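Below is one structure, written out as structure tokens; the observations come after it.
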Amino acid sequence: MDQSKIRNVAIIAHVDHGKTTLVDQLFQQSGMFRENQEVAERLMDSMDLEKERGITITAKNGSYCFKDYWINIIDTPGHADFGGQVERVLRMADGCLLLVDAQEGPMPQTYFVLKKALAAGLRIIVVINKIDKPAARCEWVVDQVFDLFVKLEAPDHLLDFPVVYASAKQGYAKHHLTDESTDMVPISELIATHVPPPSGDPNAPLQMQVSSLDHSPYLGRLGIGKVVNGTLSINKPIAVVKRDGSISPARLTKIFRFESDKKVSTDTAGVGELVAVAGMDDVTVGVTFTDADNPMPMPLIEIDPPTISMNFIPNDSPFAGLEGKFVTSRHLEDRLRKETLADVALRVEPMKEGVGYVVAGRGELHLSILIEKMRREGFELQVTRPQVIMKQVDGVTLEPYEELTIDVDEQYAGAVIERLGMLRGQMQEMTQANGMNRLVYKIPTRGLLGYRSEFMTATKGLGMMNYVFAEYGPYAGDIINRVNGVLISMDTCTTVAYALFNLQDRGRLFLGPGNRIYAGQIIGENARNQDMVVNPAKGKKLTNMRASGSDENVVLVPPVQMSLEDCIAYINDDELVEVTPKTIRLRKRSLNVK
Ligand SMILES: Nc1nc2c(ncn2[C@@H]2O[C@H](COP(=O)(O)OP(=O)(O)OP(=O)(O)O)[C@@H](O)[C@H]2O)c(=O)[nH]1
Ligand SMILES: [Mg+2]
């Protein structure tokens, strides 16, 4: 492949600003699909969980042709929990598209990814996306982006960034807002002219560093990275430099390049090409494949330390083993170990007391996605409330803080401010525009655990909240997770509508009639502060004449529906979430309720 015609471009942005949709359009318009071919929306979001949630979880490679250019595209996740991946895959890129929503403007993760792109010295093309939105305010957004570059001390030659306006959804882009356009050509043109070709030397010793991982059912683990110098060849013996600096011989069994969203096998890959390689079972992020005679390791890729942890415990509830295939501690251990190989941001250690594992990751979403994957594979397990990872510096306990940005309708701002105060948030900034308030806070990560769903309810879904890790700071003091107690079942039984009807005045119920539950299981929230043991199976007395029709006439308030994330955020330290392929239950750790 002609090195001068390769362009390696990462697409980076805040969550939901349209990265994956933009990739769809670039692919679609490059003519790589047959005219009548059915192509999935957000093609690169290929995992089931990505499709269901509409978010990108892992970065992915693809490519398309524009004129005689071969453009490698790296789609990255925008959610802060997966920010570490962005930093790693930027090593494959020579330039990037920074997408910014034409209405929202730069958001916390925009700041984070731009900082990483500047640190990597990449050429940046700013794409103002979603210009079709009626509330788009492009000029304002461009100004904000410029301010962000200045704030991040971008060097002068990068401050002069090209801007292109796009609607990824409708498939057009333009250099000026007044231009007419029906296609994405302006973006491809800018990539061809503004992003430099890869700069390596084909005659130098081989260097290819693994920046991300993938898995093939037939070939096992794949390492993905850029050939920085030299040529990678299937038949040539090479060496691998591991993260610990050790050097050993290696032989690759397969090399793939990325064509559209597929991997295509090849025997050699030259400078600047992005490839996936098979043949090394314990390949991990940061290893360098290099010349066997003249090994040249590349600088190590730093991996951000985890910020929160949860305990994963084998299911020991009375219903253990009824719904899942994998239940034992051994199953759990094997699965978690396997995950750490594929996900370098995850740490797993045995618990110091009791049976189970401390699983540490980059945030609530990171860990809950793992739990969700496991339950779909047939695992049963129990998890504890997430804990933030504290640090000891010079004998002082420090805890992580986030910078929180909230956009909320004026009428709800008061309630939000009050609550954030209780969560130990410190307001940094408050601005108003068009009936919306923007609040910026510094707040302990602890205070934010589980806050999202509360925020959504408090603002009737009309608010937006985003946060990124800010720094470690002094311990902020106690934060009360939940003031209410819970309603606990006194017996193992099946819930009865009549009993629930009598209980629903006491608080909010989490389940309806006809559910099999056990003693010690949590069935609802008490309106009062303390826990209460209740009997959700108590039927009507038989002496009551109207009992003959039994339950049917009872009108129940629909139970509160809680997602896995809601449950995890809800529980206290003396409670667990039990997860099986079919059910999510809340329980007391101690089931002794009598
Ligand atoms: N109106 C409008 N909506 C868009 C546009 N581009 C994307 N969207 C919508 O924005 C939402 C998010 O799009 P994605 O492409 O998944 O965003 P993303 O940046 O890949 O999101 P993450 O990968 O989760 O960070 C989807 O509902 C898209 O349909 C656009 O140009 N205009
Ligand atoms: Mg995406």
Side-chain angles (χ1 to χ4, degrees), residues 9-29 39-62 73-90 96-114 116-117 125-138 141 145 163-174 177 179 181-187 212 261 362-366 368-369 372 405 452 461 464-468 565:
V9 187
I11 307 195
I12 57 175
H14 184 74
V15 68
D16 264 2
H17 280 191
K19 299 174 286 298
T20 309
T21 308
L22 185 85
V23 177
D24 275 0
Q25 285 298 338
L26 292 172
F27 280 7
Q28 203 96 171
Q29 295 185 18
V39 182
E41 203 174 303
R42 293 200 294 267
L43 179 71
M44 299 291 266
D45 284 349
S46 47
M47 279 164 56
D48 285 350
L49 270 171
E50 292 181 317
K51 287 207 184 76
E52 282 167 30
R53 292 179 181 235
I55 56 166
T56 303
I57 296 170
T58 53
K60 285 176 212 74
N61 291 64
I73 288 278
I74 309 158
D75 184 24
T76 65
H79 196 285
D81 282 21
F82 310 119
Q85 287 183 42
V86 178
E87 188 172 359
R88 293 192 283 277
V89 300
L90 285 181
C96 65
L97 299 177
L98 175 71
L99 256 65
V100 186
D101 185 300
Q103 180 186 351
E104 289 175 11
M107 295 298 282
Q109 199 63 11
T110 315
Y111 176 89
F112 175 86
V113 294
L114 176 58
K116 300 299 176 192
I125 298 166
V126 172
V127 182
I128 307 296
N129 188 36
K130 309 201 187 184
I131 59 170
D132 59 287
K133 276 189 176 177
R137 39 180 178 170
C138 299
V141 173
V145 174
V163 178
V164 52
Y165 302 89
S167 168
K169 198 165 181 175
Q170 296 178 359
Y172 62 81
K174 37 191 165 183
L177 276 171
D179 294 352
S181 170
T182 53
D183 57 39
M184 304 294 269
V185 168
I187 292 186
S212 66
D261 63 323
R362 299 286 310 157
E364 278 172 294
L365 184 66
H366 185 198
S368 65
I369 295 262
E372 187 62 46
T405 309
R452 185 179 296 274
M464 270 202 336
M465 63 173 271
N466 286 287
Y467 49 89
V468 282
E565 278 104 319

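These numbers come from the heavy atoms of this one structure, side chains and all, not from hydrogens, waters or symmetry mates. Start at 1 and go down the list; that is how both ligands and their atoms are numbered. Everything quoted here is computed from the prediction, not taken from an experiment.
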For ligand 1, is there an N or O atom under 3.5 Å from any N or O atom of I131?
no

Return a yes/no value for G18: is any of its N or O atoms, backbone included, closer than 3.5 angstrom to an N or O of ligand 1?
yes

Checking the side chain of R137 only, and the main-chain atoms of Q103 only, is there a donor and an acceptor separated by less than 3.5 Å?
yes

Answer yes or no: does an N/O atom from H79 fall short of 3.5 Å to an N/O atom of ligand 1?
no

Give me the nearest non-hydrogen protein atom to atom 18 (P) of ligand 1 as residue plus atom name, then the distance to 0.1 Å.
K19 N, 3.4 Å

Show which atoms of ligand 1 fall inside a sub-4.0 Å distance from at least one heavy-atom site of H17.
19 (O)

Backbone of T58 reached by a side-chain donor or acceptor of E50 within 3.5 Å:
yes

How close does the nearest protein non-hydrogen atom get to atom 3 (N) of ligand 1, and which residue and atom is it?
K169 CD, 3.5 Å

Logged contact type for N129 with ligand 1, heavy-atom cut-off 4.0 Å, is side chain

In terms of heavy-atom contacts, K60 and S46 come closest through CE-OG, 3.5 Å

Which heavy-atom pair separates V468 from A80 by the least distance, and what is that distance?
CG1-CB, 4.4 Å

Spell out, as yes or no, whether a donor-acceptor pair under 3.5 Å connects the side chain of Q29 to the backbone of Y172.
no

Identify the heavy atoms of I131 and A136 that sit nearest to each other, and give their distance.
O-CB, 3.8 Å

Does the distance from a Lys or Arg side-chain N to an Asp or Glu carboxylate O, for R53 and E565, drop under 4.0 Å?
yes

Backbone or side chain, does any N or O of I55 fall under 3.5 Å from an N or O of ligand 1?
no

for atom 23 (O) of ligand 1, nearest protein heavy atom and its distance come out as T56 OG1, 2.7 Å

Polar side-chain atom of T76 near backbone of I11 as donor-acceptor pair, under 3.5 Å:
yes

Please check: side-chain N/O of H79 versus main-chain N/O of V15, any donor-acceptor pairing under 3.5 Å?
no

Region of D132 that comes within reach of ligand 1 [heavy atoms, distance under 4.0 Å]:
side chain

Are any of the N/O atoms in D45 less than 3.5 Å from those in ligand 1?
no

Per-residue contact class, K130 against ligand 1 - non-hydrogen pairs under 4.0 Å
both

Which heavy-atom pair separates H14 from K19 by the least distance, and what is that distance?
O-NZ, 3.0 Å

Counting only heavy atoms, which portion of Q170 has something under 4.0 Å from ligand 1: side chain, backbone, both, or neither?
neither

Tell me whether N466 contacts the main-chain N or O of Q109 through its side chain, where contact means a donor paired with an acceptor under 3.5 Å.
no

Pairs of nitrogen or oxygen atoms closer than 3.5 Å, one from T21 and one from ligand 1: do any exist?
yes

Look only at the side chain of S181 and the backbone of A173, and say whether a donor-acceptor pair between them is shorter than 3.5 Å.
yes

Is the backbone of L365 close enough, under 3.5 Å, to the side chain of D81 for a donor and an acceptor to pair up by distance?
yes

Would you check the N or O atoms of E41, main chain and side chain alike, for any that come under 3.5 Å of an N or O of ligand 1?
no

Cut-off under 2.8 Å, centre the Mg ion (ligand 2), protein N/O/S atoms:
T20 OG1, T56 OG1

Quick check: closest heavy atoms across G171 and M184, and the distance to 0.1 Å?
C-SD, 3.5 Å

Which residue holds the protein heavy atom closest to atom 31 (O) of ligand 1, what is that atom called, and what is the gap in Å?
A168 N, 2.9 Å

Give me the residue, atom name and distance of the protein heavy atom closest to atom 21 (O) of ligand 1.
D16 N, 3.1 Å

In the protein, which heavy atom is nearest to atom 26 (C) of ligand 1, and how far is it?
R42 NH1, 3.6 Å

Is D24 reaching over with its side chain to a backbone N or O of L43, donor-acceptor style, under 3.5 angstrom?
yes

